[in-house]
Trainee: 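Quick one: this structure, given as structure tokens, is what I'll be asking you about.
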Amino acid sequence: MLYEISLLLHSYTRWLIMIVMVAAVALAWWGLIRQREWGLWEKRLASAFAILLSIQFIWGVVLYFVPNGIAQVALQDMGSSMRVRELRFFGLEHPLQMVIALGLVHMGWARSRKASTSKLKYRWAAWTFTIATILILSAIPWWRPLARAITSPATTNVTAEVQVDLQAGDAESGAALFVQSIGGQPACSTCHAFDSSRLVGPGMGGIAVRASVRVSGQSASEYLYTSIVNPSAHIVEEYANVMPAVYAQSLTETQVRDLVAYLLTFEE
């Protein structure tokens, strides 16, 4: 829970940085184009940008090394992680881009203080801050919800209609789906082993039994259905919330039933 709260706050504080970032870039270009004198506001915004980004970066480094956090999950098996968008992004792309952006911002900040003329100060700030801004904006996971809750609302029950439908799934079709790419995402088997060993997510060995007792009041089929269409509803302890939340849209109800039927065959 502490990790989730920290990750949430880290995500929200980006908006403060973006406000300062846009102001610093705009003022730097305005001063360069208008040939203004480098003044107090320019100094303050450049300093605020560099300091706030540094704090956010340190915060990110701490989150990066949290055991069982998204980044550490990615590092456990980089081969598999490179095929999973969230893991590739948070394990490699996001930190790398932020390191470069932080270096550029500090370079611009330092050069703007040491340059001998206002024109040079503005030039250093404008170009380094602009390139850093492009990197920062491209390193933000825009595809994820902009206002995530600390814990996702769990779908505690599946409707009676769905419960009936779940009994009609075809396990053989589900087995074929399990090893296929779905909606542009990697196959289920990329992250979930056929036995009980751990890849990115839990292994499927014995999942039919574990699913039947995981959540009070939910049958195994209900739990598995919810885990597919709303993967953040039930996060297994020691695993990060990295399963793509696209399957409710990418899969038909028939395909979900087929997958559930297949998973129910993993009794041992």
Side-chain angles (χ1 to χ4, degrees), residues 2-29 45-112 124-150 152 183-186 190-191 200 231-232 240-246:
L2 182 59
Y3 172 76
E4 292 293 333
I5 294 174
S6 298
L7 193 62
L8 182 74
L9 295 176
H10 181 70
S11 176
Y12 283 167
T13 53
R14 72 179 185 228
W15 299 110
L16 173 61
I17 294 174
M18 287 179 64
I19 292 171
V20 175
M21 177 177 70
V22 170
V25 170
L27 192 58
W29 280 108
L45 278 173
S47 299
F49 186 19
I51 293 171
L52 287 173
L53 188 62
S54 298
I55 294 173
Q56 183 78 335
F57 179 80
I58 294 171
W59 194 346
V61 169
V62 173
L63 289 171
Y64 189 87
F65 289 102
V66 170
N68 298 312
I70 295 177
Q72 290 301 301
V73 169
L75 294 176
Q76 289 173 9
D77 186 351
M78 289 298 290
S80 297
S81 297
M82 291 301 100
R83 298 193 294 272
V84 181
R85 184 183 188 184
E86 282 80 359
L87 295 179
R88 182 180 67 249
F89 182 84
F90 289 108
L92 178 63
E93 296 170 2
H94 179 74
L96 179 60
Q97 288 178 248
M98 285 304 182
V99 167
I100 297 172
L102 182 66
L104 286 168
V105 170
H106 275 272
M107 179 189 296
W109 182 33
R111 292 290 185 176
S112 67
W124 273 107
W127 283 108
T128 55
F129 289 0
T130 298
I131 298 172
T133 296
I134 294 171
L135 286 169
I136 291 169
L137 291 177
S138 64
I140 292 175
W142 298 107
W143 71 87
R144 291 168 71 90
L146 298 182
R148 301 194 302 276
I150 294 175
S152 300
Q185 298 292 336
T190 300
C191 299
V200 176
S232 61
N241 181 14
V242 297
M243 182 170 167
V246 300

Trainee: My understanding is that only residues two or more places apart in sequence, or in another chain, count here; which of them pass side-chain contact (heavy atoms from CB on, under 4.5 Å) with Ile55?
Mentor: Ile51
Trainee: What's the spacing between Phe49 CZ and Phe129 CZ if we round to 0.5 Å?
Mentor: 6.5 Å
Trainee: Do Thr13 and Gln56 have side chains that get closer than 4.5 Å, going by heavy atoms?
Mentor: yes
Trainee: What is the distance from atom CE of Met21 to atom OG1 of Thr133, rounded to the nearest 0.5 Å?
Mentor: 4.5 Å
Trainee: Could you list the residues that satisfy side-chain contact (heavy atoms from CB on, under 4.5 Å) with Leu102, not counting sequence neighbours?
Mentor: Leu53, Ser54, Phe57, His106
Trainee: Are any side-chain N or O atoms of His94 and backbone N or O atoms of Phe89, one a donor and one an acceptor, separated by less than 3.5 Å?
Mentor: no
Trainee: Under 3.5 Å, side chain of Tyr64 to main-chain N/O of Phe90, donor-acceptor pair present?
Mentor: no
Trainee: Under 3.5 Å, is there a donor-acceptor pair between the side chain of Gln97 and the main chain of Ile136?
Mentor: no
Trainee: Can you list the steps and then say if Leu104 with Leu135 is a side chain to side chain contact (heavy atoms under 4.5 Å, CB included)?
Mentor: CA-CA 10 Å; Leu104 286 168; Leu135 286 169; 3.9 Å; yes
Trainee: Say whether, by atom type as modelled, one donor and one acceptor occur between the side chain of Thr130 and the main chain of Trp127 under 3.5 angstrom.
Mentor: no
Trainee: To check you understand the geometry: which heavy-atom pair defines the closest contact between Val105 and Ala50, and what is its length?
Mentor: CG1-CA, 3.6 Å
Trainee: Quick check for you: to the nearest 0.5 Å, what is the distance between Ile100 atom CD1 and Ile134 atom CD1?
Mentor: 13.0 Å
Trainee: Looking at Arg88, I want to see if its CZ is surrounded by more than 12 non-hydrogen atoms of other residues, nucleotides or ligands under 6.0 Å.
Mentor: yes
Trainee: To check you understand the geometry: which heavy-atom pair defines the closest contact between Ser6 and Leu63, and what is its length?
Mentor: CB-CD2, 3.7 Å
Trainee: Using side-chain contact (heavy atoms from CB on, under 4.5 Å) as the criterion, list what pairs up with Ala126, not counting sequence neighbours.
Mentor: Ala28, Trp29, Leu32
Trainee: For Leu137, is there any backbone N or O sitting under 3.5 Å from a side-chain donor or acceptor partner on Trp142?
Mentor: yes
Trainee: Between Arg14 and Trp59, is NZ or CZ placed under 6.0 angstrom from the six-membered ring centre and within 45° of the ring axis?
Mentor: no
